Structures are given as C-alpha cells and as structure tokens.
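The structure appears below as structure tokens.
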Amino acid sequence: MRRIPRGRVATYGEVAALAGFAHAPRLAGYALHALPEGTPLPWHRVVGAGGRLSLARLSPAGALTQRLRLEAEGVSFDPRGRVRLALHGWKRGPRARRAAQPRRARARMRP
DNA sequence: GCGGTGACGGTCG
DNA sequence: CCGACCGCCACCG
C-alpha cells in the first residue's frame with residue numbers, strides 16, 4: 001500500500017497481487033478491515049473495482065473520510081461517486097499507460 | 001472440523 | 001446500470 005503514489009489509487013486486487021496473493025483480492029479487503037484506527041498506512045488509496053469505495057457498505061462515514069482524503073490529494077470522482085480510474089489509477093491511469101507503451105508515434109507533420 | 005461471512009472481482013441476465 | 005451468483009480464502013463462532 002505504501003508504494004501507491006500520492007494522488008493515485010490501486011484496487012484491492014492489485015494490492016493483493018502485489019502482496020503475493022494474486023487470486024485472493026478479498027484478503028486485501030480483510031487486511032484493511034483489520035487496520036488499527038490511526039494507521040499511518042495510506043489505506044484511502046485502495047478502492048474497489050471500477051473505482052468504487054467499497055468501504056461505504058461497512059462505514060459510510062469512513063467512505064466519506066476516504067473521499068475527502070483522496071480529493072485532498074487531487075483525486076477526482078465521477079457524478080456517481082466513483083474514482084476516475086482512467087485518470088488516477090496507478091496501473092491504469094495515463095502515467096501507467098505511458099510507461100507501458102514504449103513509443104507513441106509522433107503526430108505526423110502537415111502534408 | 002464445519003458452515004457462514006466478507007473494505008473483492010468477474011460474469012450473466 | 002442494477003442485482004444475483006459464484007469462485008475465492010482466512011476468520012470466527
């Protein structure tokens with residue numbers, strides 16, 4: 001979790017995979033649930049698939065805290081309250097895409 | 001040991 | 001865009 005850069009988010013599945021549990025995203029959820037109150041870990045940067053704040057089910061207040069913390073880092077949400085992964089996804093965002101695509105053809109000159 | 005239960009994720013209707 | 005299921009696996013009663 002600490003690896004997730006400020007202003008970017010990762011999904012439970014990604015966190016689980018990074019921890020070596022590629023086929024058990026639920027474990028990530030379970031682990032987060034077990035975090036102590038004032039944990040220094042950036043737990044707010046972990047979101048559900050599609051950018052949903054899964055915490056909402058368990059604790060709407062907690063989800064609000066998560067949202068405020070993310071917005072404070074510059075993370076934006078869509079009208080339905082989901083993180084815009086296309087912009088802030090650690091592995092799917094614009095930055096990740098640039099890293100993945102070695103070379104992007106330059107716009108051609110005017111004919 | 002057993003069955004129910006998720007801060008999950010993907011599929012299907 | 002829902003809601004219902006299903007596979008998943010450590011916890012818990």
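Small disclaimer: the values here were computed from a predicted structure and weren't measured. Labels below follow one simple rule: chain letters A, B, ... track the order of the sequence lines, proteins then strands, and each chain is numbered from 1.
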### Query
Which residues satisfy the side chain to side chain contact (heavy atoms under 4.5 Å, CB included) test with A/Leu18, sequence neighbours excluded?
A/Arg3, A/Trp90
### Summary
In DNA chain C, consecutive runs of at least three Watson-Crick or G-U pairs below 3.5 Å, as range with range, amount to B:2-6 with C:9-13, B:8-13 with C:2-7
#### Entry: Hydrophobic cluster membership, A/Ile4 vs A/Leu55, 4.5 Å side-chain cutoff
yes
### Message
Can you give me the closest heavy-atom contact between A/Met1 and A/Trp43, atom names plus distance?
### Response
SD-CA, 3.5 Å
#### Entry: Heavy-atom closest pair, residues A/Phe21 and A/Leu27
CD2-CD1, 3.6 Å
### Query
Just by distance, with hydrogens left out, do A/Glu73 and A/His88 show a side-chain donor and acceptor under 3.5 Å apart?
no
### Test side chain to side chain contact (heavy atoms under 4.5 Å, CB included) applied to A/Arg26 - qualifying residues, sequence neighbours left out
none
#### Entry: Shared hydrophobic cluster for A/Leu41 and A/Tyr30 (ILVMFWY, side-chain gaps under 4.5 Å)
no
### Query
In residues 56-95 of chain A, which residues come under 4.0 Å of DNA chain C by heavy atom?
A/Arg80, A/Arg82
### Query
After noting the C-alpha distance and the side-chain angles of A/Arg45 and A/Arg69, does the key distance pass the side chain to side chain contact (heavy atoms under 4.5 Å, CB included) rule?
CA-CA 9 Å; A/Arg45 295 183 193 144; A/Arg69 283 198 191 184; over 6 Å; no
### Query
Looking at DNA chain C, which of residues 37-55 of chain A put a heavy atom within less than 4.0 Å of it?
none
#### Entry: Sequence-aligned protein contact record of nucleotides 4-13 of chain C, with B where the base is within under 4.0 Å of a protein heavy atom and S where only the sugar-phosphate is
---BBSSSS-
## Note on the structure
For A/His33 and A/Leu58 the tightest heavy-atom approach is CE1-CD2, 3.3 Å
### Task
Could you tell me whether the side chain of A/Gln66 and the main chain of A/Val46 form a donor-acceptor pair under 3.5 Å?
yes
### Query
With a distance cut-off below 6.0 Å to the six-membered ring centre and an angular limit of 45° from the axis, does A/Arg67 pair with A/Phe77 as a cation-pi contact?
yes
### Task
Evaluate the side chain to side chain contact (heavy atoms under 4.5 Å, CB included) criterion for residues A/Arg84 and A/Val75: first the C-alpha distance (whole Å), next the side-chain angles of each, then the deciding distance (0.1 Å), finally the verdict.
CA-CA 8 Å; A/Arg84 294 182 189 252; A/Val75 173; over 6 Å; no
